Participant: 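Below: one structure in structure tokens.
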Amino acid sequence: MRQKPTVLAREIVASSRLFRIEALQLRFANGVERTYERLAGHGAGHGAVMIVAMADAEHALLVEEYCAGTDDYQLSLPKGLIEPGEDVLEAANRELKEEAGFGARQLEWLTELSLSPGYMSQTIQVVLARDLYPERLPGDEPEPMRVERVALGELSSLVQHVQFSEGRALAALYLTRDLLTRRGEFHP
């Protein structure tokens with residue numbers, strides 16, 4: 001196993017309500033020194049969750065929301081922050097109710113994904129939600145989210161959709177499709 005670099009110095013070079021940019025001065029095992037910058041959490045966060053909510057045996061739910069990063073409305077999976085005192089599955093069910101208007105009787109943790117581990121410390125927990133029922137909770141979204149269904153058997157066409165670009169959501173959908181296929185619960 002490789003030896004991790006030694007952190008010589010660490011400094012917050014920029015900060016906002018949501019983000020901190022941290023500069024790390026590192027020395028690698030071969031003596032080379034470099035400064036890396038990363039988007040870091042504020043330290044008090046409890047993580048985030050992304051939900052693959054199965055509307056039926058073949059379709060997952062997507063929500064449409066405004067995304068400031070792309071300055072456009074995008075389709076993605078329901079997701080959000082884990083609140084203090086919540087576990088991953090409780091947070092997944094709450095976010096699903098807030099964003100898509102459904103709760104789930106069956107929740108299963110699948111994996112943890114990162115967006116860009118070279119530049120970000122944040123990860124997201126992926127949860128499979130099944131046996132859905134209608135229930136809406138008020139959330140922090142500024143406007144109602146439109147809900148769409150996507151067929152697990154047609155994920156390659158989803159990539160071509162002008163409103164779908166989130167890599168984590170695509171990975172979560174493919175992971176779900178493959179898991180359900182291995183279990184014999186989905187037949188492509």
Side-chain angles (χ1 to χ4, degrees), residues 18 45-70 72-116 120 122-188:
L18 296 176
H46 299 278
V49 64
M50 174 179 279
I51 306 99
V52 180
M54 298 300 297
D56 57 39
E58 297 179 2
H59 297 88
L61 300 179
L62 299 176
V63 293
E64 180 190 58
E65 68 178 318
Y66 176 76
C67 297
T70 59
D72 201 1
Y73 283 87
Q74 293 280 307
L75 291 169
S76 188
L77 295 171
K79 61 189 164 298
L81 296 177
I82 299 171
E83 299 292 335
E86 283 183 321
D87 68 25
V88 171
L89 299 181
E90 290 169 331
N93 214 17
R94 177 186 50 75
E95 286 292 342
L96 183 58
K97 291 174 184 178
E98 290 176 3
E99 295 192 358
F102 290 95
R105 291 183 187 89
Q106 185 180 353
L107 296 158
E108 177 184 355
W109 179 84
L110 297 182
T111 193
E112 178 179 79
L113 296 174
S114 65
L115 181 59
S116 180
M120 303 173 93
Q122 295 86 353
T123 60
I124 197 161
Q125 306 301 313
V126 180
V127 172
L128 174 60
R130 295 192 283 182
D131 195 8
L132 303 183
Y133 58 92
E135 183 177 343
R136 181 161 301 281
L137 288 177
D140 59 0
E141 292 74 27
E143 60 187 359
M145 294 181 166
R146 187 172 58 83
V147 178
E148 280 195 21
R149 292 167 27 129
V150 61
L152 290 184
E154 299 174 11
L155 294 180
S156 59
S157 65
L158 180 61
V159 177
Q160 305 303 317
H161 195 294
V162 67
Q163 283 188 284
F164 187 88
S165 66
E166 186 172 7
R168 295 178 304 177
L170 186 61
L173 288 164
Y174 271 109
L175 288 168
T176 298
R177 186 192 68 186
D178 291 352
L179 173 69
L180 296 178
T181 300
R182 280 194 312 276
R183 290 181 179 171
E185 299 173 32
F186 176 73
H187 306 283

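Source: prediction; values computed, not measured.
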Participant: Can you list the residues that meet the side-chain hydrogen bond (donor to acceptor under 3.5 Å, both in side chains) rule with Glu112, with sequence neighbours excluded?
Facilitator: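 In terms of side-chain hydrogen bond (donor to acceptor under 3.5 Å, both in side chains), with neighbours along the sequence ignored, Glu112 is linked to Thr123, Gln125.
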Participant: For Glu108, enumerate each residue passing the side chain to side chain contact (heavy atoms under 4.5 Å, CB included) test, keeping only those at least two apart in sequence or located in another chain.
Facilitator: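 Leu110, Leu128, Arg130, Leu179, Arg183.
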Participant: State which residues pass salt bridge (Lys or Arg N to Asp or Glu O under 4.0 Å) with Arg136; sequence neighbours excluded, sorted by chain then number.
Facilitator: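 Partners of Arg136 under the salt bridge (Lys or Arg N to Asp or Glu O under 4.0 Å) test: none.
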Participant: Please round to the nearest 0.5 Å and tell me the distance separating atom CZ of Arg94 and atom CG of Leu89.
Facilitator: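 Those atoms lie 12.5 Å apart.
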Participant: Answer yes or no: is there a side-chain heavy-atom contact under 4.5 Å between Val126 and Leu77?
Facilitator: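 The answer is no, as the side chains (C-beta and beyond) never meet within the 4.5 Å cut-off.
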Participant: Do you know the tightest heavy-atom contact between Ala100 and Leu61?
Facilitator: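 Heavy atoms only, the tightest pair is CB-CD1, 4.5 Å.
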Participant: Check side chain to side chain contact (heavy atoms under 4.5 Å, CB included) between Glu141 and all other residues, then give those that pass, not counting sequence neighbours.
Facilitator: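 So Glu141 forms a side chain to side chain contact (heavy atoms under 4.5 Å, CB included) with Glu95, Glu98, Glu99, Met145.
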Participant: Roughly how far, to the nearest 0.5 Å, is CG of Leu81 from CG of Asp140?
Facilitator: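 The CG atom of Leu81 is 8.0 Å from CG of Asp140, to the nearest 0.5 Å.
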Participant: What residues form a ring pair (Phe, Tyr, Trp, His ring centres under 6.0 Å) with Tyr73, not counting sequence neighbours?
Facilitator: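 In terms of ring pair (Phe, Tyr, Trp, His ring centres under 6.0 Å), with neighbours along the sequence ignored, Tyr73 is linked to Tyr66.
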Participant: Let me check something: any side-chain donor-acceptor pairs from residues 152-161 under 3.5 Å, sequence neighbours excluded? List them with distances.
Facilitator:
{"unit_1": "Ser157", "atom_1": "OG", "unit_2": "Glu154", "atom_2": "O", "d": "2.7"}
{"unit_1": "His161", "atom_1": "ND1", "unit_2": "Gln163", "atom_2": "N", "d": "3.0"}

Participant: Quick one: are Pro188 and Thr181 in side-chain contact, heavy atoms under 4.5 Å?
Facilitator: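 Heavy-atom side-chain distance check passes, below 4.5 Å.
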Participant: With rounding to the nearest 0.5 angstrom, report the CG to CG distance, Leu96 to Leu107.
Facilitator: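 Interatomic distance, Leu96 CG to Leu107 CG, rounded to 0.5 Å: 8.0 Å.
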Participant: Under the salt bridge (Lys or Arg N to Asp or Glu O under 4.0 Å) rule, collect the residues that match up with Arg105, sequence neighbours excluded.
Facilitator: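 With sequence neighbours excluded, Arg105 shows a salt bridge (Lys or Arg N to Asp or Glu O under 4.0 Å) to Asp131, given in chain and number order.
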Participant: Where do Ala104 and Asn93 come nearest, in terms of heavy atoms and distance?
Facilitator: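 Nearest pair, atom of Ala104 first, then Asn93: N-OD1, 2.7 Å.
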Participant: Once side chain to side chain contact (heavy atoms under 4.5 Å, CB included) is applied, do any residues pair with Asp72, and if so which ones, sequence neighbours excluded?
Facilitator: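 Counting only residues at least two positions away or on another chain, Asp72 forms a side chain to side chain contact (heavy atoms under 4.5 Å, CB included) with Thr70, Gln74.
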Participant: From Leu137 CG over to Phe102 CZ, what is the distance, rounded to the nearest 0.5 angstrom?
Facilitator: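 The CZ atom of Phe102 is 13.5 Å from CG of Leu137, to the nearest 0.5 Å.
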Participant: Could you tell me which residues satisfy side chain to side chain contact (heavy atoms under 4.5 Å, CB included) with Pro144, sequence neighbours excluded, listed by chain and number?
Facilitator: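 Once residues adjacent in sequence are excluded, Pro144 has no partner under the side chain to side chain contact (heavy atoms under 4.5 Å, CB included) criterion.
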Participant: Using the rule given for side chain to side chain contact (heavy atoms under 4.5 Å, CB included), can you reason through Met54 versus Thr176, listing the C-alpha separation, both sets of side-chain angles and the distance that settles it, and then say yes or no?
Facilitator: CA-CA 10 Å; Met54 298 300 297; Thr176 298; 4.3 Å; yes
Participant: Who are the salt bridge (Lys or Arg N to Asp or Glu O under 4.0 Å) partners of Asp56, not counting sequence neighbours?
Facilitator: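 Applying salt bridge (Lys or Arg N to Asp or Glu O under 4.0 Å) to Asp56 gives Arg149.
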Participant: With rounding to the nearest 0.5 Å, note down the distance linking CD in Gln106 to CG in Leu132.
Facilitator: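 Answer for the CD-CG pair, Gln106 versus Leu132, is 10.0 Å.
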Participant: How far apart are the closest heavy atoms of Ala172 and Met50, and which atoms are they?
Facilitator: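 Taking every non-hydrogen atom into account, CB-SD, 4.2 Å.
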Participant: CZ of Arg182 to CG of Leu180: how many Å apart, nearest 0.5 Å?
Facilitator: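 Between atom CZ of Arg182 and atom CG of Leu180 there are 9.0 Å.
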Participant: Show every salt bridge (charged side-chain N to carboxylate O under 4.0 Å, His left out) that has at least one partner inside residues 161-170, sequence neighbours left out.
Facilitator: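 Found Lys79-Glu166, Glu166-Arg168.
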Participant: So Leu62 and Val147, do their side chains get closer than 4.5 Å, heavy atoms only?
Facilitator: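 With C-beta onward as the side chain, the pair stays apart.
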